[in-house]
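Any value given below was found using the heavy atoms of this structure, including those in side chains, with hydrogens, waters and symmetry copies removed.
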Amino acid sequence: MNHRRSLIGTLLAAAIVTAGCTGSGGASKGADAKAPDDPSKVSGTIKVLTHRTDLVQDGTMKKYAAQFNRTYPKVKVEFEALTDYEGEVKIRMNTENYGDVLMIPAVIKKNDYPKFFASLGTRAERAKKYHFTGFTAVDGKVYGQSPMGAVPGFVYNKRIWKEAGVTDWPTTPAEFIAALKAVKSRTDAVPYYTNFKDMWPLTSWTYVDGAVSCDTKATTRLSEGDPWAEGEDLRVGDTLLYDIVREGLIEKDPTTTNWEASKPKLAKGDIATMWLGSWAVIQFQAAAKEAGADPGDIGFMPFPARAGGTFCATMSPDYNQAVNINSDHKAAARAWIDWFTDKSGYAAANQALSPVKGDPLPEVLKPYEDAGVKLIELDDAKGGVVKEIDNESEVGIYKPDYRQELVDLARGARKGSLDDFLADLGKRWTEAEKSLGS
């Protein structure tokens with residue numbers, strides 16, 4: 001399984017409605033999962049549900065459990081890896097039996113977290129040590145913790161860009177288009193690859209939000225106005241995608257793209273650029289090694305926009321681990337989450353952002369660090385509202401459909417103008433805001 005199905009990409013399913021997920025509540029069993037004081041007194045068998053089928057199959061998770069047992073010898077950790085994690089867990093959450101530790105499915109509405117998960121403590125306290133606490137906070141309490149995060153950016157082949165005569169990162173969308181045109185005229189590479197057929201990579205374009213304006217309140221802005229109004233982040237991102245396609249800077253037939261096949265192609269220089277996230281860099285480096293290409297050719301650059309002369313990139317969490325509110329072994333479950341977040345080295349092993357504030361950036365983000373790219377964490381206080389607006393409007397900013405329509409519009413496979421297309425998105429969005437009273 002590709003790790004991308006978790007990273008940033010939990011958000012791919014974020015617009016699903018909670019229809020069947022009523023759960024049994026189970027609040028009588030206690031709503032808090034307090035951090036244990038004495039590891040030697042923590043005991044019990046806990047089941048950890050995970051989407052990382054690859055790490056269970058290759059024994060990596062078992063090794064983590066063995067390391068955990070050096071600190072918590074009386075806790076037995078069992079793993080259950082689910083290929084269709086979202087679909088399977090959604091069904092299980094109609095009962096009390098959805099593991100002791102699980103990744104919070106995107107199907108669960110944020111305001112419903114207290115019905116299903118035990119509190120890990122107050123946000124005021126946890127935010128002193130950890131990133132991403134706001135993404136699972138309800139009424140001041142935190143219900144999940146991501147073990148790692150990522151930032152959006154363009155994965156690109158540095159050798160090809162250099163052959164095209166482009167060595168500096170573009171600072172505006174117009175400069176970016178000019179760079180792709182240089183790639184097209186001076187190399188044999190496909191300047192930009194849409195991943196249109198696999199669909200999910202198109203949702204990555206939503207994560208230009210906040211990066212363009214360098215605004216930590218970008219999510220709040222989504223809940224209060226038209227995201228496609230002139231100058232707004234999503235309009236800037238969607239316009240760039242439209243222009244890339246309209247200028248013929250993509251593959252010949254977007255309907256035939258293939259995600260897995262694209263990795264060695266970019267690694268070898270057949271493809272020059274893709275908009276994804278920092279989680280993808282190690283996959284492309286691995287593809288380069290397998291293809292006999294140079295992993296050092298894999299570069300990573302921010303969106304071509306600067307605020308006050310500085311590039312910005314937003315930090316997004318991976319799946320958030322939580323404790324089942326119905327668990328009989330909350331202390332053991334909480335111990336696992338704390339240890340996995342703080343001590344396992346999971347983030348470092350995946351070249352991902354550590355959730356622990358002050359930890360060094362992974363090697364894949366050294367280019368960002370060297371260039372002084374500002375990493376910001378979005379305020380997610382209105383995140384639940386945004387998802388409700390998204391559902392009501394049927395726009396689907398966390399789904400690929402509207403950007404497939406955008407690509408089709410740009411390549412002439414459907415009729416209409418960009419302005420009319422974006423105006424329609426904005427109209428539906430703002431009408432949903434009024435309908436929901438947000």
Does F303 form a ring pair (Phe, Tyr, Trp, His ring centres under 6.0 Å) with W275? I'd like the steps, not just the answer. CA-CA 9 Å; F303 189 85; W275 173 256; 5.8 Å; yes

Check step by step if side-chain contact (heavy atoms from CB on, under 4.5 Å) holds for I397 and V386. CA-CA 10 Å; I397 62 173; V386 169; 4.1 Å; yes

Ring-plane angle category for W429 and W228, please: parallel below 30°, perpendicular beyond 60°, tilted otherwise.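 Taking W228 first and then W429, their aromatic rings stand perpendicular (interplane angle over 60°).
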
Look at the rings of F117 and Y98 and say which category their plane angle falls in: under 30° parallel, 30 to 60° tilted, over 60° perpendicular.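 Aromatic pair F117/Y98 classed perpendicular.
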
Go through the side-chain N and O atoms of [X] and [Y] and say whether any donor and acceptor fall under 3.5 Å apart.
| X | Y | value |
| --- | --- | --- |
| S417 | D420 | yes |
| R126 | T133 | no |
| W161 | T187 | no |
| E377 | T314 | no |

Determine whether [X] and [Y] make a side-chain contact, defined as any pair of heavy atoms from C-beta on separated by less than 4.5 Å.
| X | Y | result |
| --- | --- | --- |
| V323 | D100 | no |
| F79 | L55 | no |
| V142 | T122 | no |
| T256 | K197 | no |
| I177 | L240 | yes |
| F340 | I337 | no |
| W336 | I46 | yes |
| L406 | Q404 | no |

Minimum heavy-atom distance between [X] and [Y], given as atom pair plus value:
| X | Y | result |
| --- | --- | --- |
| M103 | T50 | CE-CA, 3.3 Å |
| P170 | M301 | CD-SD, 3.9 Å |
| A267 | N157 | O-ND2, 3.4 Å |
| P227 | E232 | O-CB, 3.2 Å |
| G396 | Y402 | O-CD2, 3.7 Å |
| T257 | N195 | OG1-C, 3.4 Å |

Run the side-chain contact (heavy atoms from CB on, under 4.5 Å) check on R334 and L120 step by step: do they pass? CA-CA 8 Å; R334 170 64 187 270; L120 302 178; 3.7 Å; yes

Ring pair (Phe, Tyr, Trp, His ring centres under 6.0 Å) for Y85 and Y319? Distances and angles first, verdict last. CA-CA 11 Å; Y85 185 84; Y319 264 132; 5.4 Å; yes

Does Y130 form a side-chain contact (heavy atoms from CB on, under 4.5 Å) with R123? I'd like the steps, not just the answer. CA-CA 10 Å; Y130 300 109; R123 188 186 177 199; over 6 Å; no

Are there more than 12 heavy atoms of other residues, nucleotides or ligands under 6.0 Å from atom [atom1] of [X]?
| X | atom1 | result |
| --- | --- | --- |
| E394 | CD | no |
| K382 | NZ | no |
| K63 | NZ | no |

Check against side chain to side chain donor-acceptor pair (under 3.5 Å), R403 and T206: CA-CA 10 Å; R403 287 199 180 89; T206 291; 3.0 Å; yes

If you measure from [atom1] on [X] to [atom2] on [Y], what distance do you get to the nearest 0.5 Å?
| X | Y | atom1 | atom2 | result |
| --- | --- | --- | --- | --- |
| M148 | S354 | CE | OG | 11.0 Å |
| S393 | R428 | OG | CZ | 6.5 Å |
| N391 | K399 | CG | NZ | 6.5 Å |

Using the salt bridge (Lys or Arg N to Asp or Glu O under 4.0 Å) rule, take E88 and K90 through it: C-alpha gap first, then chi angles, then the decisive distance, then the call. CA-CA 5 Å; E88 186 83 21; K90 179 176 70 172; over 6 Å; no

Sort and list the pairs that fulfil salt bridge (charged side-chain N to carboxylate O under 4.0 Å, His left out) and have at least one residue in [range], not counting sequence neighbours.
| range | answer |
| --- | --- |
| residues 274-300 | R159-D297 |
| residues 342-355 | K129-D342 |
| residues 185-196 | none |

Are K387 and Y398 in a cation-pi contact, defined as NZ or CZ under 6.0 Å from the six-membered ring centre and within 45° of the axis?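 Yes, K387 and Y398 form such a contact.
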
Please confirm whether R411 makes a cation-pi placement over F196, using NZ or CZ under 6.0 Å from the six-membered ring centre and within 45° of the ring normal.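 Relative to the ring axis of F196, which defines the angle, R411 lies inside both limits.
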
For the backbone of S146 and the side chain of N320, can you confirm whether one donor and one acceptor N or O come within less than 3.5 Å of each other?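 Yes: the side chain of N320 pairs with the backbone of S146.
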
Under the side-chain contact (heavy atoms from CB on, under 4.5 Å) test, which residues partner A218, sequence neighbours left out?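 Residues passing side-chain contact (heavy atoms from CB on, under 4.5 Å) with A218: D209, R221, L378.
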
Under the side-chain contact (heavy atoms from CB on, under 4.5 Å) rule, collect the residues that match up with P367, sequence neighbours excluded.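 By the side-chain contact (heavy atoms from CB on, under 4.5 Å) rule, P367 matches W169.
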
Under the side-chain contact (heavy atoms from CB on, under 4.5 Å) criterion, do L102 and M93 qualify, and how do the steps go? CA-CA 11 Å; L102 68 157; M93 291 184 74; 4.2 Å; yes

Can you pull out every disulfide bond (SG atoms under 2.5 Å apart) where at least one residue sits in residues 282-315? Sequence neighbours excluded, please.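 Passing the test, one end in residues 282-315: C214-C312.
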
Between [Y] and [X], does any NZ, NE, NH1 or NH2 come within less than 4.0 Å of an OD or OE carboxylate oxygen?
| X | Y | answer |
| --- | --- | --- |
| D54 | R52 | yes |
| K217 | D379 | yes |
| D238 | R235 | no |

Where do D243 and R246 land on the salt bridge (Lys or Arg N to Asp or Glu O under 4.0 Å) test, with the steps shown first? CA-CA 5 Å; D243 287 344; R246 186 189 59 180; 3.2 Å; yes

F154, F284, Y368, Y156 screened by ring pair (Phe, Tyr, Trp, His ring centres under 6.0 Å) with F300, the one that passes: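 Answer after filtering F154, F284, Y368, Y156: Y368.
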
Please walk me through it: do K110 and D380 pass salt bridge (Lys or Arg N to Asp or Glu O under 4.0 Å)? CA-CA 10 Å; K110 191 175 181 180; D380 198 58; 3.0 Å; yes

Going through the distances and angles, do R414 and D408 end up as a salt bridge (Lys or Arg N to Asp or Glu O under 4.0 Å)? CA-CA 6 Å; R414 60 178 288 156; D408 280 343; over 6 Å; no

Going through the checks in order, is the side chain to side chain donor-acceptor pair (under 3.5 Å) test met by D233 and S213? CA-CA 7 Å; D233 290 15; S213 58; 2.9 Å; yes

